[in-house]
Each structure stands twice: as C-alpha cells, then as structure tokens.
Amino acid sequence: MERRSFIKKAAVGAAAGAVAAPALAQSLPTINWRLASSFPKSLDTIFGASDILTKRVSQLTGGKFNIRSFAAGEIVPGLQVLDAVQAGTVEIGHSASYYYFGKDATFAFDCAVPFGLTSRQHTAWYQEGGGRELTRNFFKGYGIVNFLGGNSGTQMGGWFRKEIKSVEDLKGTKMRVGGFAGKVLERLGLVPQQLAGGDIYPALEKGTIDAAEWVGPYDDEKLGFYKVAPYYYAPGWWEAGASFSFYVGIKEWEKLPKEYQAALECATYEAHVGMQAEYDAKNPAALARLMKNGVKLRTFSKDIMDGCYKAAQDVMNEEAAKNAKFKTIYEPWKRFRQDQNMWASVSEAAMLDYMIKAGRK
C-alpha cells in the first residue's frame, strides 16, 4: 500500500511540474537584442560563434530571449564594437579586446599579449586563475560585462611578400598586426598597421602594406593572402591563444531575469568551446591546401624570436610601471603563466615533442 501511495504522489507531483514549467516560461518577458560583431560573415569560424550564441539563447529560453547578430559594418565598423556596447547602441558585442589597445593596454589581457597564454591556459586563467575577476573589474569601468567568446589557438606569424631572416629585415616593413604586437615590433623597426579583417586583403594587394597577420590556415585561406604574399611564417608569438569575447552592457545585463542571465552565460561557453574545436579540426587540411598552392612555409629565426621576446618584456614592464590597471593584472598573470609553462614542459609539451618526432620516422 505504501509503495502504491508513493508512486501515486510522485505521478501527481510530476504532472504539477509539467504544468508549472510552461507557466514559468509564460511569466518571463520577451526580449530582443542586437549583437554587433567585429568580423565579416565570410569568416564562418569566428563569426559563427555569434550564431552559436544566438541559437542557444533562444533554445534555452523557449524563444523568449532573442539576439540578432550583425556582421562588421552592418551597424558599426569592426573596430568600434566595444564603443557601441558602451554607448548602448547595441546590447551585446563580439570582438577581440586587443583591438582597443589604444584606449588602454590592459584590454590585451582579455585576448592575447606577446608570448602569452595558450588557448587552454587562457581558459584556465579566466575560469580558475582569477582572470574573470580581474578582467571584469577592469571592464566595469567601461560599463561592460565580458564573457569568453572563443579562442583561435596558437596563431600563425603572418604573410610576407619577401623572406624575413633577421631583425634587420623587419625594419621598414609595413605590416597589419594588432595591438600589443605592433608596439613590440615597432621597437624593432617594423611599421604596424591596424586594420579590420575585411580590409586586409585589399591593402596587401595594392601594396599599402607589405605583410599581414590574421589567424591561421583556415581563415587565411578564405581571405586569399597567399595570392599576394607567398611567405607564411610561424609561430604567431603575439597570439599563443587569442581569446575572443562577448561584451554585454552592464545596465542591460542587470535588466535580464536570472534565468536569461544563466542562459546567456551557458551559451557563451558553448560558443567559446565550439570555436576552439572548429579551428583545431579545420586548420590542418587548410594548411595542406595552402602548401599545394605554392605557399612557402617558414619559421621565424632565433634572431627574430629572441629580439621580439626581449622587446616584449621591455614593453610590458614599461607599461606596468606607468599603468596601475595594467600592473594589477600583469603581476598575477605573469605568475600564472610561469606555473603553467613549467607544468606543460613536463606534461603536454614533452608528450607532443616525442609524438611529433616519432611521426617523422
């Protein structure tokens, strides 16, 4: 009898829950947001993160919270997304924070700094190493809440019209390179240019610039850089793991019901992981295709790497000495990087080194 009574009560409870769930959904408001991206739709891996976000938010809220994404230039230019969110022109944006290096060098930590963290390390820093708290405190000054929005993995060092063998060869080279890397390379005589993704190929084709970096084989192939600059260099030491971000205006964030906040945050993580996986899956085949098209793959010389490393340390230490916001993040970030690299040297890096050499036999 007691067992039958328990089952009956459980069934009644389940039925009540089934009624309560749609009732709860009906009680929540319908909200429509606009998302401004820094990227063109042709770059499906990066822009695709916005599509993942908008789809999942709608699914998780029963179609009550809808976000429409717009490519670079459709609402604001690609390099003005942060400004658009800050001004309330759009409720949410998707961008690379080092684009706003000119406002404050501290923005770079939310994306990538020279000789910085790999993709996995950056996610670990943000999630478990204090990065979320540090960067959100910084973004608060701009009226924004930042969320992980994807990662490219370690990027390539860019496309050059001519072979670059030494630091001396960098002098006078006009190169599209973002944020912090530009400041470092400027120390070595290179002339940095800041251009949005869709503007790079025309500038390279016309000779307005001599070299350009973007992300890696999959995106670079789409943008066609190999047609006008045959030398493809590695590694992209300025972006060991470039992390993209979603920006939400604090006022808009605080207006959201808690259920919608949870849905949005879950969707950002799915978009973040999805981008990393997609790049890792697509880059090898893209590189093979580029090589078949006559691309000349090169590795930066030790002379260049050593010169860039020293210049990077000098620039970052100088920035920390004059910028308290930068120093607040730089000091704990640097300790985290040291610990991560020490661990990687005896774990993943050691394993990969063996496997790569074994595969060549």
Tell me whether V191 is reachable from W214 by hopping between hydrophobic residues (I, L, V, M, F, W, Y) whose side-chain heavy atoms are closer than 4.5 Å.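 W214 does not cluster with V191.
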
Joint cluster assignment, Y98 & L195, ILVMFWY side-chain distance < 4.5 Å: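 Y98 clusters together with L195.
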
Could R136 and F147 be counted as a cation-pi pair, given that NZ or CZ must be under 6.0 Å from the ring centre and within 45° of the axis?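 Yes, R136 lies over the aromatic ring of F147.
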
Which residue is it: F326, F107, F109? I am looking for the one with a side-chain contact (heavy atoms from CB on, under 4.5 Å) to F138.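 Of the listed residues F326, F107, F109, the side-chain contact (heavy atoms from CB on, under 4.5 Å) partner of F138 is F107.
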
Flag side-chain contact, heavy atom, 4.5 Å: [X] against [Y]:
X	Y	result
S245	L148	no
W333	L117	yes
K227	W159	no
V85	E91	no
L53	L35	yes
K171	E168	yes
L170	F300	no

Could you give the distance from OG1 (T30) to NZ (K64), rounded to the nearest 0.5 Å?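 Result: 4.5 Å between the selected atoms.
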
[X]/[Y] ion pair, N-O < 4.0 Å:
X	Y	value
K327	E319	no
K310	D306	no
D339	K334	no

Crowding at [atom1], [X] (>12 non-hydrogen neighbours, <6.0 Å):
X	atom1	value
K165	NZ	no
K282	NZ	yes
R298	CZ	yes
Q338	CD	no
K222	NZ	yes

Matching residue for Y330 among N323, T106, N317 - test: side-chain hydrogen bond (donor to acceptor under 3.5 Å, both in side chains):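 Only one of N323, T106, N317 forms a side-chain hydrogen bond (donor to acceptor under 3.5 Å, both in side chains) with Y330, namely N317.
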
Classify the side-chain pair D314/Y309 by whether it contains a donor and acceptor separated by less than 3.5 Å.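 Y309 and D314 do not have a side-chain donor-acceptor pair below 3.5 Å.
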
Side-chain donor-acceptor contact under 3.5 Å, S166 with D303: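 No, no side-chain donor-acceptor pair sits under 3.5 Å.
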
R68: side-chain hydrogen bond (donor to acceptor under 3.5 Å, both in side chains) partners, not counting sequence neighbours: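 Listed in chain order: nothing, the list is empty.
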
